[in-house]
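Shown next, in structure tokens, is the structure this report addresses.
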Amino acid sequence: MNLRGRHFLKLLDYSKEEINYLLELAADLKEKKKERIFTEYHKGKNIALIFEKTSTRTRCAFEVAAYDLGMNVTYLDPSCSQIGKKESTADTARVLSSMYDGIEYRGFEQDIVEELALYSGVPVWNGLTNEFHPTQMLADLLTIKEHFGELAGIKLTYMGDARYNMGNSLMVACARMGMHFTACTAAEYFPAPELVSECEEIAEASGGSITLTEDIAVGTAGAKVIYTDVWVSMGEPDEIWEKRIRDLKPYQVNANVMKQADQDAVFMHCLPAFHDIKTATGKEIYQKFGITEMEVTDEVFESARSVVFEEAENRMHTIKAIMAATL
Ligand code: CP
């Protein structure tokens, strides 16, 4: 398998075999890290991390993975680069790729990262756009594989707002890997019909399936993975909160939801999660709407079924695999 020079913009661009290769590489790199076997495969190379939105996991995963591969990192935060303000995406791509061996981008529309890749002479990795979050997908797939030993045939149920990067990306990932994806939410929050159709075609070929349902009993029955994400995405205005909470409250992941899923089911979340009021946002929401937990209850988040911190750790091993393979 040779992925050298490839961009990593969305999972739709990668075959099942290529994804499996990256997962196996990530597992190997994870093992090596635990055994303190050094993996400086790209010693002396330099990468640029463009973050137009905030991040904990993705930034740290890219930085630690880069250092483990022997590389140097430049971090460009939302306020310190010219990108999109004084300098076009195309010009930024040509400047950065003349100095760096790889570029990560977290920001807004998928078109921006696609344009960055078009004009870049070095691999571009999508660290999250409005539409897709592909590096998160590899971490999620690795976590599921570690728990269940396989991906094919696993039912993953996504509860909440399935119209954006997480719902879209999980649907693509499941379709590609022969898994059964279910969006269990109010119909208004189903993924876009065009992407659903594309994923149905992919799932037909892989042995997977796509289901959209408002019925919690149908959505959770037999599910090995119950997945959710915040109900309001990065960048959405505050006015959205009230309606979103009202619409999605029935789809909160709580003990009753977990009881209806498979007896071995795990709970997953890309994080950060609103499961208590120990954060500034949590306190603000509590003051405005009187709720102390949102997409997931604290009980489920802290339960033995929750694998969210293993998932978070796997961000680093899988991002390392992407960089190791594409550079
Ligand atoms: N899951 C995720 O992308 O986390 P960050 O926003 O902290 O990078």
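Note that ligands are numbered from 1 as they come in the structure, with each ligand's atoms numbered from 1 the same way.
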Ligand 1 atoms in contact with Thr56 (distance to a heavy atom under 4.0 Å): 5 (P), 7 (O), 8 (O)
Evaluate whether atom CD of Glu302 has more than 12 neighbouring non-hydrogen atoms of other residues, nucleotides or ligands under 6.0 angstrom away. yes
Tyr75 OH: over 12 foreign heavy atoms closer than 6.0 Å: yes
Sub-4.0 Å heavy-atom contact, Leu271 with ligand 1: yes
Arg106 near ligand 1 by a heavy-atom separation under 4.0 Å: yes
Would you kindly specify which portion of Arg59 sits under 4.0 Å from ligand 1, judged on non-hydrogen atoms: side chain, backbone, both or neither? neither
Residues, nucleotides or ligands: over 12 heavy atoms within 6.0 Å of Glu87 CD: yes
Between Pro272 and ligand 1, is there a nitrogen or oxygen pair with a distance under 3.5 Å? no
What atoms of ligand 1 come within less than 4.0 Å of a heavy atom belonging to Gln136? 1 (N), 2 (C)
What salt bridge (charged side-chain N to carboxylate O under 4.0 Å, His left out) pairs are there with at least one residue in residues 316-327, not counting sequence neighbours? Asp68-Lys320
Only counting residues at least two apart or in another chain, list the ones meeting side-chain contact (heavy atoms from CB on, under 4.5 Å) with Tyr67. Glu63, Val73
